[in-house]
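As structure tokens, the structure follows; a few thoughts come after it.
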Amino acid sequence: MSLSPGDITAIWLTLKLSALVTCLLLIISTPIAWWLARTQSWLKAPINAIVAMPLVLPPTVLGFYLLIFLGPDGTLGSLLNELGMSPLPFSFKGLVVASMIYSLPFVVQPIQNSFAAMGNRPLEVAATLRASPWNRFVYVALPLAKPGYLSAAILGFAHTVGEFGVVLMIGGNIQGETRVLSVQIYDHVEALEYGQAHFLSLIMVAFAFCVLALLYALQKRGKNTVIESAF
Amino acid sequence: MLCKNAEKIPSSKVLSKMTDLKIRLTKNNTAHFSLNIDLRLPNHGVTAIFGRSGSGKTTLLRCIAGLEKSEFGEVSLNGDVWQNTMTWLPPHKRPIGYVFQEASLFPHLSAKENLEFAIKRANTKQTIIDYEEIVTLMGIKPLLAKYPNQLSGGERQRIAIARALLIQPKVLLMDEPLSALDESLKQDILPYLEALCRRVQIPILYISHSIDEIIRLADYLVILDNGKVIDQGRTQKILGKLPTPLLQSQDASVLISGTITEKHKEWGLSKVSFSHHHMMIKSSEEKIGDTMRLRVKSRDVSISLSNEDNSSILNRLAVVIDDLVKDDQDPSMMMVRMLAGDTPILANITALSADKLNLKKGKNVIAQIKSAAVLR
């Protein structure tokens, strides 16, 4: 049993999507997590809820709304259309946008937890040592939140690798564009190619195990636990 | 308590320098607590801010540092305004060093990197103390390669103090730096603090609720209660005042500051002279001419009417009774304030004895101080 060219394309696409989504999420989650960890605004609860929604919503619901919203008749879709941009649904870009929303809580929450866990004291200490707010963030808050970033990256990546429902709704099934690993497995099963499906599924099982083993190994080593800051 | 801590400032100088650190603050934290402060502090030496927990000490220090905002505030050092109705400098723009109550080292940096964090951001216009000297003074050379979680509480606090000074501040703020340490660790750190206070030429604001630390370190004392300054002045003067409601809880004591005038090798004793009076203390490495600080606890002082030489008590001072106050908590006891020249001495005696001896204001008596009460 070996991987078909279609399988390899699907694996490569999945890795590309997950890596890109993780990088983008780490960047946009930082200000969100910082604000959520430190604000006392009444907006904290509703924003927290919005960020956490993908945890409870069925991926198909999320995908459905994104399809409507980003489609040529949707609010954002028509705006993008007027700006002369290609429509997002059924494209790799659309998949990136959808995956970012889908995996957002898995990246925001670990970072938010480690910002909250460090408290205000290290930042106050840095302030009395003449560190400006930006300086405090870069040289104190970020290094102290490292375990949170590590688990955010691992969880965000792994969760994006495993998505299916959202992809199917908004990405469809276009080889090399939106056909990721989970969709490829689905196709194999549909075509009764159980051998191929087994092989790819086994890769996913092994991947999931490795990711979790890595998380727990990091937890054992570090003092600020990765898992704890993840959940 | 006896320290070789030289008195840094003669009293006349304190008065003339008193305008240098100005603090006026009003802050309403909650319905139950408000801070209302108007202080002018000397810009030399150690000013202790003393008060019970909840009296507003930490809030005051945080407002001076800019870590908390107050509704109304004017803070200036030597004419440089940090805060008034028009200005509010954020903490990182104020020339302060701050030592927090608990160890506050950055856990992701080694001890040396913690110090370098300050050095990189230090005020380059002035040098209070250089790296080599503070490392030697605080005895932290062997600790530099270690990380905070490998250090004891006392070691961490010594590094935190060194770090606060390496920012080259114009004023050092210390918020009960020893309170998180156990008693033996405190005794380990105090000599380092004494050395530091003698060495640096910047004003130090030192929050404490320990009489022991105040007697050892403070030149000037501010007593805070319920967010207000209820007394301030030279440590010696404030400690000798009656009544001393805040001090009663922990062995009311006075501070005697004098000079070594004689050493008696055969008895192992040294003579300390102050305002035409003398006391004998146990000798140590001190030299003739050194300035000493002695702590005399009121419960170690007894009163006699005549100077008959039939007592084992060595230190017998001819004093004048200045005031007598009944102890609020214990009606059987009285606090007697006496003056040896201009040095106040407190004696805690029973009300019965006071009545038997017919002690009155203005009466000449002998204050008997056990030598043992003069501690190192």
Side-chain angles (χ1 to χ4, degrees), chain A residues 26 30 33-35 37-41 110-154 215 217-230, chain B residues 58 61-68 82 89-110 113-125 147-150 156-157 159-175 180 205:
Chain A
L26 286 176
T30 297
W34 181 255
W35 184 82
R38 305 181 61 80
T39 187
Q40 275 158 29
S41 158
I111 301 176
Q112 182 185 342
N113 290 345
S114 36
F115 283 149
M118 75 180 68
N120 212 12
R121 183 46 55 85
L123 300 166
E124 285 189 348
V125 172
T128 66
L129 294 170
R130 302 226 177 118
S132 65
W134 177 247
N135 210 276
R136 275 174 244 165
F137 179 74
V138 173
Y139 291 99
V140 178
L142 280 186
L144 287 178
K146 209 168 94 188
Y149 274 90
L150 210 55
S151 50
I154 294 172
L215 269 173
L218 286 169
Q219 176 191 34
K220 211 176 168 190
R221 215 185 48 186
K223 215 162 50 86
N224 294 332
T225 69
V226 178
I227 297 285
E228 230 172 66
S229 56
Chain B
T58 297
L61 212 63
R62 288 174 63 82
C63 286
I64 297 172
L67 293 172
E68 265 178 53
W82 298 356
L89 286 187
H92 66 277
K93 298 221 168 118
R94 301 189 183 198
I96 51 157
Y98 201 108
V99 179
F100 290 81
Q101 205 165 347
E102 76 283 10
S104 55
L105 299 181
F106 298 123
H108 63 294
L109 301 177
S110 70
E113 287 163 343
N114 265 281
L115 298 181
E116 283 164 354
F117 191 97
I119 293 169
K120 264 183 224 155
R121 294 163 176 80
N123 177 5
T124 48
K125 286 186 200 130
Y147 277 81
N149 61 4
Q150 300 167 311
R156 282 200 285 262
Q157 206 56 304
I159 288 163
I161 293 166
R163 185 180 62 178
L165 280 167
L166 283 172
I167 204 82
Q168 310 297 349
K170 287 184 177 157
V171 54
L172 181 63
L173 309 173
M174 299 177 102
D175 184 5
L205 293 194

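Naming: A, B, ... by sequence-line order, numbering from 1 per chain. Because only heavy atoms are used, hydrogens play no part in the values below, and waters and symmetry mates are left out as well, while side chains stay in. Since the structure is predicted, the reported quantities are computational estimates derived from the model, not experimental observations.
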Problem set entry | Approximate separation, where rounding is to 0.5 Å, of B:Leu115 CG and A:Leu129 CG | 10.0 Å
Exercise. Tell me, do A:Val125 and B:Arg163 make a side-chain contact under 4.5 Å, heavy atoms counted?
Worked result: yes
Exercise. Taking all atoms of both residues into account, what is the closest heavy-atom pair of A:Ala131 and B:His92, and its distance?
Worked result: O-CB, 3.3 Å
For this session: Against chain A, label B:Pro90 side chain, backbone, both or neither, depending on which of its atoms sit under 4.5 Å from a heavy atom there.
Result: neither
Exercise. What's the spacing between B:Lys120 NZ and A:Arg130 CZ if we round to 0.5 Å?
Worked result: 15.5 Å
Exercise. Using non-hydrogen atoms only, which part of B:Ala122 is less than 4.5 Å away from chain A: side chain, backbone, both, or neither?
Worked result: backbone
Exercise. Does any N or O in the side chain of B:His108 come within less than 3.5 Å of the main-chain N or O of A:Tyr139, such that one atom is a donor and the other an acceptor?
Worked result: yes
Exercise. Which distance, rounded to the nearest 0.5 Å, do you find between the OG1 of A:Thr128 and the CZ of B:Arg62?
Worked result: 10.5 Å
